[in-house]
Amino acid sequence: MEEKRTAEELLEDLLQGDAGDNALRLLADRIQDDNQLGRRVRDELEFSEMLRQALKSEAVITAESVDALVESASLETNELIDRVCDGKPTAFECDRLAKHLWENPKAIGQLKQRLAADEWTSQAISEARGEAAFVEALETRMWAETRQDSFVDDFAARLDQEIAIQDGDENVVPFPWGATIAKMAAVAAVFAFGAFMLAEQVSQKIGNEPVASLVKASDNVRWKGNLAPDANGGVQSGQYELSSGVIALKFPSGGELTVEGPAAFRVDEDGSAFVYHGVALARANTPDNAINLQARGINVLEQAPLIGIDARSEFSTNAFVLSGDGGICMNDGATCRSLFEFEAVKADYTRDKLVDIPYNPRAFSKTWELLSGVETNLGDVRIELPGTEPTRAPGEGEVRVFVENDSFQPAGGLEVDLLPAGQFAAVGSNSGKAIETKGELRSYLLQVGPSNDKSVEASLTFEHEVVGVIFSSDRLESSDQSVGSSMRDLGGDFSRVRGLDYGSDELLLSDDGRTLNLRLQSGGQQLDQVRVLVAVR
């Protein structure tokens with residue numbers, strides 16, 4: 001009978017996975033009466049878990065691997081944080097740290113401060129970054145304070161993904177905590193880069209057929225060197241240098257790439273792009289039209305829908321995911337990791353490793369304006385970066401444009417306000433209409449701050465045709481869920497008066513359905529919002 005079995009026998013069945021329900025209940029009862037037995041069970045389970053981790057990561061359990069696991073189990077929290085910051089923790093150590101963070105939320109700040117301090121210190125000692133690093137640190141802090149902190153969620157999600165990868169899917173991006181290769185000195189990296197650039201210029205061959213098209217450019221674009229887009233915007237394979245301005249390229253696959261000068265980059269016949277220097281932002285509407293994007297020290301293994309590359313530093317390259325999820329590797333392929341939305345990582349050449357850095361996408365402000373699908377024709381208009389949340393930010397009469405949902409298909413009919421094209425329409429009582437579409441839509445939210453004593457006039461031209469405008473408060477609220485908006489209540493009676501229901505405000509949609517004009521009268525003391533829906537495909 002089970003009751004006559006010794007605690008040693010019950011524990012052996014538990015560890016071998018042979019314990020039945022009755023045996024488990026009996027063992028639990030004995031643990032309640034025997035604290036020493038409870039400690040023994042805990043220690044045995046912890047050791048079994050260490051062996052399980054070893055089996056996942058190594059084909060053969062050696063004495064050295066067991067010793068390493070025992071040593072990991074004895075590490076204090078500070079030592080675990082040191083291992084994470086050095087980029088050398090094992091999966092078991094990550095598991096222990098994640099568990100500790102869940103149980104001790106105050107420890108999150110300790111880890112985040114250490115990561116940020118390592119990053120900002122490395123920037124501060126770099127002659128190329130010096131004073132700029134201090135300003136960037138302040139911007140990053142201000143940016144972080146406007147967002148909800150999900151540090152532990154991201155850490156735990158990454159751990160879960162690593163476990164799933166180890167269980168068998170070899171095609172998924174590996175977890176970052178792998179072994180790194182020998183470190184390369186910074187001076188050697190700089191000289192190697194210069195030699196490679198020279199070799200590229202010497203061996204460059206220009207094809208006859210364009211591999212991409214120049215679709216947009218700012219007024220101050222200046223090209224350097226012998227290679228530039230042709231008169232029709234055709235971009236042939238080769239290396240380009242942009243002295244100033246911002247340009248947008250579209251590849252036959254449908255992928256888009258925007259680059260801000262000063263920059264040096266290469267496009268190839270296979271539709272790939274390499275960023276040597278500068279700031280670039282790549283968009284892939286579907287996995288099929290993603291650009292094979294690379295940069296100094298970085299290879300984008302799984303491109304997110306919107307990913308940015310900041311390669312302005314001599315000693316590192318930063319990657320930011322502004323939308324969706326993706327994955328990157330260092331160019332040697334030995335160190336890889338996945339990137340989640342609103343997450344950033346730095347490829348540090350001097351230490352030959354990938355380092356988590358705070359998410360601060362300000363570097364992509366100009367490149368994002370060309371990809372957002374909105375052109376400003378008149379007025380005080382600001383295109384907000386992905387991840388920015390609508391708030392009561394200062395800016396009297398400023399029109400802030402948020403891309404709420406880059407691509408979606410509404411479930412069922414979606415009701416919008418009636419706005420005849422070609423004539424100014426005063427807001428107020430509106431019968432509305434339902435739009436039915438089988439294609440994909442994009443949703444923009446325009447938010448106008450209190451205008452006080454001045455009127456607001458603005459004109460925005462959209463890249464795609466406007467199929468619906470929502471400016472009444474009730475329809476704004478009822479459409480939030482349909483468009484996938486993360487809009488939150490800003491306090492007071494905001495949900496009741498967030499639209500343009502009252503006063504003599506006017507809207508005008510152009511005859512071609514691409515330009516929306518706003519004329520808002522002075523005296524408003526609250527935020528006003530207008531939702532614009534365009535047909536992407």
Side-chain angles (χ1 to χ4, degrees), residues 1-108 110-111 150-170 172 174-179 337-338:
M1 296 179 63
E2 294 282 5
E3 288 76 5
K4 295 183 179 180
R5 301 187 64 190
T6 65
E8 195 72 24
E9 293 173 333
L10 293 173
L11 178 56
E12 182 178 356
D13 285 350
L14 172 65
L15 297 177
Q16 294 179 355
D18 297 331
D21 293 341
N22 292 335
L24 291 175
R25 282 193 292 268
L26 181 59
L27 182 59
D29 292 339
R30 294 189 182 182
I31 289 174
Q32 288 182 346
D33 299 331
D34 188 346
N35 292 333
Q36 186 174 0
L37 176 60
R39 287 191 294 270
R40 169 78 186 285
V41 171
R42 182 196 63 191
D43 293 340
E44 291 289 352
L45 289 176
E46 285 185 352
F47 188 73
S48 296
E49 172 62 15
M50 288 191 295
L51 294 180
R52 185 180 71 86
Q53 295 290 343
L55 283 171
K56 281 188 173 186
S57 58
E58 301 180 16
V60 179
I61 300 178
T62 63
E64 290 78 9
S65 65
V66 174
D67 290 342
L69 287 171
V70 173
E71 180 182 355
S72 296
S74 64
L75 293 178
E76 299 293 334
T77 302
N78 290 339
E79 295 172 314
L80 290 173
I81 290 178
D82 288 340
R83 298 275 293 173
V84 170
C85 292
D86 290 339
K88 300 178 180 178
T90 64
F92 178 65
E93 290 167 350
C94 289
D95 199 0
R96 287 195 60 211
L97 182 57
K99 180 176 181 295
H100 177 74
L101 294 177
W102 278 112
E103 295 175 348
N104 302 276
K106 292 183 179 180
I108 300 171
Q110 183 181 357
L111 176 56
S150 59
F151 185 84
V152 178
D153 292 336
D154 293 343
F155 190 92
R158 206 179 307 153
L159 178 65
D160 291 339
Q161 185 183 46
E162 185 267 346
I163 293 175
I165 292 168
Q166 289 184 344
D167 282 340
D169 191 351
E170 298 180 354
V172 182
F175 197 62
W177 318 122
R337 63 156 293 175
S338 47

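This chain uses plain numbering: 1 for the first residue, then up along the sequence.
Note: Leu10 CG to Leu24 CG = 9.0 Å, rounded to the nearest 0.5 Å. Taking CD of Glu9 as the reference point, atom CG of Leu26 lies at 11.0 Å (rounded to 0.5 Å).
Taking Arg40 as the reference, Glu8, Glu44 meet the salt bridge (Lys or Arg N to Asp or Glu O under 4.0 Å) condition, with sequence neighbours excluded.
Listed here is the closest heavy atom pair of Leu37 and Arg30: CD2-CB, 3.9 Å. Heavy atoms only, all atoms of each residue included: Ile31 and Gly38 are closest at CG2-CA, 3.7 Å.
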